[in-house]
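Convention: sequence-line order gives letters A, B, ...; per-chain numbering from 1.
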Amino acid sequence: MNERYSPHEIESKWQATWEEDGIYHAKDGDPRHRDEKFYGLIEFPYPSGEGLHVGHPRSYTALDIMMRKKRMEGKNVLYPIGWDAFGLPTENFAIKHKIKPQDATAKNVANFTRQLKSLGFGFDWSREINTTDPAYYKWTQWMFLKFYDAFYDEEQDRARPISEFVGEDPDAHRLAFKAKTEINWCPSCKIGLANEEAQGGVCERCGGPVEKREKEQWMLRITKYADRLLNDLESVDYLERIKSQQTNWIGKSEGAYVDFEIRPPFSARSSASSDNDSVFGTIRVFTTRPDTIDGATFLVMAPEHGMVATWLSEGRITNAKQVQDYQAKAITKSDLDRQREDKGKTGVELKGVQAINPATQEEIPVWIADYVLAGYGTGAIMAVPAYDERDRDFADQFKLPIVETPLRDMAETLSWVENRGIGERATTYRLRDWVFSRQRYWGEPIPLVYCDACGTVPLSISDLPLLLPDVEVYEPTDTGESPLAGMTEWVHTTCPTCKGPAKRETDTMPNWAGSSWYFLRYCDPKNNDAFADAEKLKYWMPVDLYNGGMEHTTLHLLYSRFWYKVLFDLEYIPKSCGSEPYSMRRSHALILGEGGIKMSKSKGNVVNPDDIVNEYGADIFRIYEMFIGPFDQDAPWNTRGIQGVKRFLEKVWRVYTEDETPQSESEECVSLIHKTAQKVGDDIESMDFNTAVSTLMVMTNEMAKQGASLTTREMFCKLLAPFAPHLSEELWSRMGYTDSVHVSAWPKADSSKIHRDTFELVIQVDGKVRDKIMVSSDISEELAKEKALASENVQKFVKNRQPSRIVYVPGRLVSIAI
RNA sequence: GCAUAGGUGGCGAAAUUGGUAGACGCGCCAGCCUUAGGAGCUGGUUUCCGCGAGGAAGUGAGGGUUCGAGUCCCUCCCUGUGCACCA
């Protein structure tokens with residue numbers, strides 16, 4: 001009886017050996033030789049209580065395969081791992097179970113570590129980081145202070161230290177600044193919610209509707225980087241759909257601001273006052289279609305527009321009550337309500353004011369309506385119902401005039417607007433500044449204090465990290481304040497400048513903070529004097545390949561690019577690293593439940609990686625996830641499918657442990673192993689892992705049938721190594737090698753050996769295959785055509801007719817057209 | 001609506017980028033082995049016609065280019081994903 005393939009014995013043995021030998025440790029190198037390095041990055045996981053999802057290993061295995069190949073090709077590979085551990089789910093979980101988030105995190109990290117190690121990934125565990133480690137978040141806080149101490153210089157188009165600011169009110173220009181913004185407020189839970197917790201306008205905790213409330217929060221001025229974040233996409237290799245999502249998110253549009261004069265309606269004007277006197281203001285609108293201005297038959301302002309309040313206080317609006325009611329409703333209206341109302345628009349006319357269309361000089365009415373957004377453009381639009389669907393809907397609903405007018409020339413209109421001094425060319429963006437405060441406990445404390453004498457004072461680096469107080473109670477408050485606000489001992493402190501009494505900022509940072517720069521920390525994870533040493537950054541950065549989920553394309557990916565650019569501008573990142581953190585970005589897709597629906601606890605179709613590893617072992621699991629379908633396409637889990645992979649590896653095992661090794665082998669076999677080497681190598685580079693696996697299967701079938709020489713077996717073992725690291729290591733050592741297969745040289749395909757002496761020539765008549773004949777590879781065109789016409793079956797279809805054309809494709813076919 | 005990825009057997013999918021459609025795997029069928037098989041091995045498996053050699057049809061629909069189209073062009077339809085009353 002032959003020995004059976006026992007994944008578990010093999011896997012734990014080799015995992016221990018690898019860890020002992022440290023074969024996956026990256027060595028810092030000389031920046032002058034950085035072409036030898038390869039930095040591959042996966043999005044570090046959030047260590048949730050649920051443990052690893054089967055989706056995680058899909059991405060990690062894919063990069064693991066690429067990194068193993070690069071390592072075998074002689075690259076100095078950095079493939080690190082860490083934990084993005086601050087955040088809401090852990091905090092909520094800890095509150096529910098009355099434990100500390102610190103303890104929950106430690107437990108979850110231990111569980112994730114066990115799971116990841118059981119899968120045999122070649123991570124460099126010596127560089128493991130954790131965003132909740134004070135030694136890590138010290139630098140997150142330090143970076144926040146650098147944002148606080150910087151402004152954006154429009155002329156130089158980069159951030160600079162605030163000390164270099166020339167002009168009035170530098171505080172108004174800091175990259176980290178405080179401003180009133182809306183937060184999501186759940187009236188039943190009496191708690192401020194993060195956007196993630198209020199998706200769809202519904203509270204994640206109680207399911208009730210979420211309202212908007214105003215609160216002063218810390219913001220980061222990402223909008224200053226809108227153009228650079230957009231333009232620099234040209235310099236990086238991201239998937240097209242990633243680029244387009246970022247482009248959409250930034251949402252640049254070009255057009256013009258146009259001023260509309262406002263006066264009382266003609267009918268209300270007293271005969272004594274002249275037309276000029278009656279103008280009491282202007283409303284500036286933003287439009288991308290100034291060429292349609294003749295068709296602007298009314299003006300619409302956002303209910304929150306400042307001028308509405310002004311006119312109300314000046315008593316100009318004759319239906320004030322109605323307007324105020326509408327304003328009040330619009331402001332408290334939740335996103336959910338707005339979505340529900342998408343069947344019709346709402347709005348109120350501002351009676352007592354009229355606008356003048358500068359193109360036609362006609363009086364047009366002014367409305368407020370919540371389909372006009374306060375935060376975009378100028379918060380006011382000229383409505384052109386003849387050309388704009390939304391304006392048409394509104395006009396239809398309220399019986400406003402729709403006038404078809406000819407379009408003007410765009411360039412001429414822009415000049416006309418500018419020459420008359422009634423506006424200017426303008427560019428707007430959808431991108432908003434980044435709301436950086438969270439009223440939560442489990443995040444990095446914002447390292448600022450408020451002093452009556454000195455105002456807002458940043459902590460100095462020697463006071464960092466500002467530790468999160470270790471307390472028993474950290475539940476959210478009814479007031480919308482951070483739980484830290486209730487910890488008076490922690491809040492009351494002394495001012496770093498004047499030593500007088502001061503209060504700490506009690507908001508914490510969002511979990512996007514720690515993940516915005518973790519890839520920098522991997523370059524030098526233990527440095528206590530800097531977030532990373534410049535020489536090490538020069539060697540490792542930028543990241544050569546970054547893989548992650550599409551769900552992080554607009555937030556994390558954009559935030560971290562922005563964060564990196566600020567550090568770059570402020571010269572904390574060496575110039576030679578470049579102004580983009582990631583050279584290449586790829587995205588994996590989801591693994592769905594059986595039947596193609598999303599895996600979820602409620603549907604009961606969640607597959608636990610532990611179960612799969614226990615039943616089949618890591619190598620089978622890894623290969624199954626690669627074979628499941630194209631890496632960038634969603635794929636349903638199929639428990640039966642994994643059986644096929646099991647058979648495949650068992651067949652490999654038999655080939656190496658049972659078959660007698662022939663001294664010589666067929667030309668086909670030699671050709672096939674080199675073809676396999678070529679294809680597997682190419683497929684790994686292009687991330688076509690599913691076809692790489694099938695190529696390995698084809699080769700295995702051939703070896704099982706025909707037998708294979710030692711050379712072929714060695715070559716195959718190396719090709720298999722990135723996919724099934726444990727099995728290949730076992731086979732490698734059984735072949736007598738003492739060094740790891742993972743540090744052996746990646747096999748190069750020899751194209752002269754792929755070349756065959758004969759090939760199958762396909763013969764087509766009128767585009768249909770009529771025969772296939774074996775011919776010599778160096779057959780001449782004439783001979784090929786001759787042989788083709790000589791074929792009996794071909795003659796049956798040619799039927800003595802004269803071919804109008806005969807095409808010969810070397811090495812492939814002869815096509816005869818009648 | 002805008003953007004983006006797709007649509008190929010019973011299923012997951014391949015297709016050297018314009019050259020044999022369905023590789024590889026699942027499932028199914030037959031056979032072998034076995035006390036037994038929901039284990040393993042071997043062979044078969046797009047559909048239709050035919051005993052067979054072989055033939056016909058076939059890549060969401062319809063046109064077009066070409067000796068030749070899953071692939072290129074035009075007009076549509078459907079599905080997934082992201083953003084969305086962004087002026």
Side-chain angles (χ1 to χ4, degrees), chain A residues 239-249 251-253 255 285-290 292 296 300 338-339 341-342 345 369-373 375-384 387-391 393-394 428-432 550-551 553-554 587 589-590 592 596 623-624 627-630 632-645 647-648 650-651 654 675 678-679 682 688 690-701 704-705 760-772 793 796 803-818:
Chain A
L239 283 182
E240 188 50 42
R241 64 194 160 125
I242 296 174
K243 282 192 187 182
S244 77
Q245 269 192 36
Q246 291 222 346
T247 304
N248 284 344
W249 191 262
K252 181 175 186 168
S253 43
V285 304
F286 174 70
T287 178
T288 55
R289 298 293 306 276
T292 65
V300 189
R338 284 200 179 195
Q339 279 164 25
E341 275 170 23
D342 61 7
K345 290 183 169 45
D370 66 7
Y371 85 90
V372 173
L373 307 174
Y376 182 78
T378 60
I381 61 156
M382 61 176 206
V384 188
Y387 289 103
D388 185 285
E389 227 176 289
R390 296 150 304 178
D391 295 343
D393 288 346
F394 194 77
T428 63
Y429 302 87
R430 274 149 93 152
L431 185 69
R432 307 295 160 81
M550 284 306 289
E551 71 275 17
T553 301
T554 45
S587 249
L590 300 176
L592 305 169
I623 293 178
Y624 174 63
F627 190 55
I628 195 168
D632 58 359
Q633 257 172 246
D634 290 351
W637 183 269
N638 178 354
T639 306
R640 287 220 173 108
I642 204 166
Q643 276 294 340
V645 175
R647 287 178 196 146
F648 162 50
E650 280 171 347
K651 193 179 266 187
R654 276 201 307 280
K675 256 192 204 160
Q678 183 67 49
K679 175 84 172 137
D682 290 350
D688 293 312
N690 54 333
T691 51
V693 172
S694 77
T695 305
L696 291 168
M697 286 173 168
V698 170
M699 187 67 217
T700 304
N701 292 341
K705 263 183 220 160
E760 193 182 51
L761 180 74
V762 170
I763 307 157
Q764 295 181 339
V765 180
D766 279 336
K768 291 196 197 307
V769 178
R770 296 304 178 187
D771 205 359
K772 300 166 188 178
N793 205 42
K796 234 169 84 187
S804 64
R805 194 174 162 196
I806 303 177
V807 179
Y808 173 62
V809 181
R812 269 186 218 290
L813 56 73
V814 171
S815 180
I816 301 164
I818 307 291

Pairing partner of B/G68 (Watson-Crick or G-U wobble, both distances under 3.5 Å): none
Aromatic ring pairing A/F394/A/Y371, orientation class (parallel under 30°, perpendicular over 60°, tilted between): tilted
Distance test, side-chain N/O of A/N793 to OP1/OP2 of B/G55, below 4.0 Å: yes
Phosphate-side-chain proximity, A/K243 and B/U4, N/O vs OP1/OP2 below 4.0 Å: no
Neighbour count above 12 (heavy atom, 6.0 Å) for A/K675 NZ: no
G-U wobble or Watson-Crick pairing nucleotide for B/G52 (cut-off 3.5 Å, both distances): none
Anti versus syn assignment for B/U34, with syn defined as within 90° of 0: anti
d(CZ, A/R654; P, B/G40) in whole Å: 10 Å
Closest to side chain of A/R805, choosing from B/G43, B/U4, B/C67: B/C67
Distance below 4.0 Å between A/Y371 side-chain N/O and B/A87 OP1 or OP2: no
Pairs under 3.5 Å (N/O, protein and nucleotides 49-51 of chain B):
none

Spacing between A/M550 atom CE and B/C83 atom P, to the nearest angstrom: 10 Å
Mate of B/A30 where both pairing distances stay under 3.5 Å, Watson-Crick or G-U: B/U42
Donor-acceptor contact present, side-chain A/D388 to main-chain A/D391, <3.5 Å: yes
Between N or O atoms, less than 3.5 Å apart, protein on one side and nucleotides 16-27 of chain B on the other: list the pairs.
from  : atom 1 : to     : atom 2 : distance (Å)
B/U16 : O2     : A/R812 : NH2    : 3.4
B/U16 : N3     : A/R812 : NH1    : 2.9
B/U16 : N3     : A/R812 : NH2    : 3.4
B/U16 : O4     : A/R812 : NH1    : 3.3
B/G19 : N2     : A/Q764 : OE1    : 3.3
B/U20 : O2     : A/K772 : NZ     : 2.6
B/U20 : N3     : A/E760 : OE1    : 3.2
B/U20 : O4     : A/E760 : OE1    : 3.1
B/G25 : OP1    : A/N701 : ND2    : 3.3
B/C26 : OP1    : A/R647 : NH1    : 2.5

Whole-Å gap separating P (B/G82) and CG (A/D632): 16 Å
Euclidean distance, A/E551 CD relative to A/L590 CG, rounded to 0.5 Å: 7.0 Å
Partner nucleotide of B/G1 by Watson-Crick or wobble geometry (both distances under 3.5 Å): B/C83
Value in whole Å for how far the P atom of B/G55 lies from CG of A/D771: 10 Å
Main-chain N/O of A/N638 paired to A/Y624 side chain as donor or acceptor, under 3.5 Å: yes
Atom-pair distance (CE on A/M382; P on B/C85), nearest Å: 20 Å
Value rounded to 0.5 Å, distance of CD in A/Q764 from CZ in A/R812: 11.5 Å
Nearest-nucleotide pick for A/R430, side chain only, options being B/A87, B/A57, B/C83: B/C83
Any donor-acceptor pair under 3.5 Å from A/Q633 side chain to A/A589 backbone: no
Side chain of A/Q633 - closest among B/C85, B/A87, B/A13: B/A13
Donor-acceptor contact below 3.5 Å, side chain A/R805 vs main chain A/P803: no
Of the listed nucleotides B/G12, B/A3, B/A5, the one nearest the side chain of A/S244: B/A3
Syn-anti status, with the boundary at 90° from 0, for the nucleotide B/G9: syn
Whole-Å P distance, B/A69 and B/A57: 12 Å
Integer-rounded Å distance: B/G1 P and A/D393 CG: 13 Å
For B/G6, the Watson-Crick or wobble partner whose two distances fall under 3.5 Å: B/C78
Short side-chain to backbone donor-acceptor contact, A/S804 and A/A817, under 3.5 Å: yes
Closest-nucleotide ordering on RNA chain B, the 5'-leading residue of A/D688 and A/I816: A/D688
Partner nucleotide, any strand, of B/A15 [Watson-Crick/G-U, under 3.5 Å]: none
Rounded distance (Å) that lies between atom P of B/C2 and atom CG of A/N248: 12 Å
Nearest-nucleotide 5' precedence on RNA chain B, A/W249 against A/A817: A/A817
Nearest-Å distance for atom pair CG/P, residues A/L373 and B/A87: 10 Å
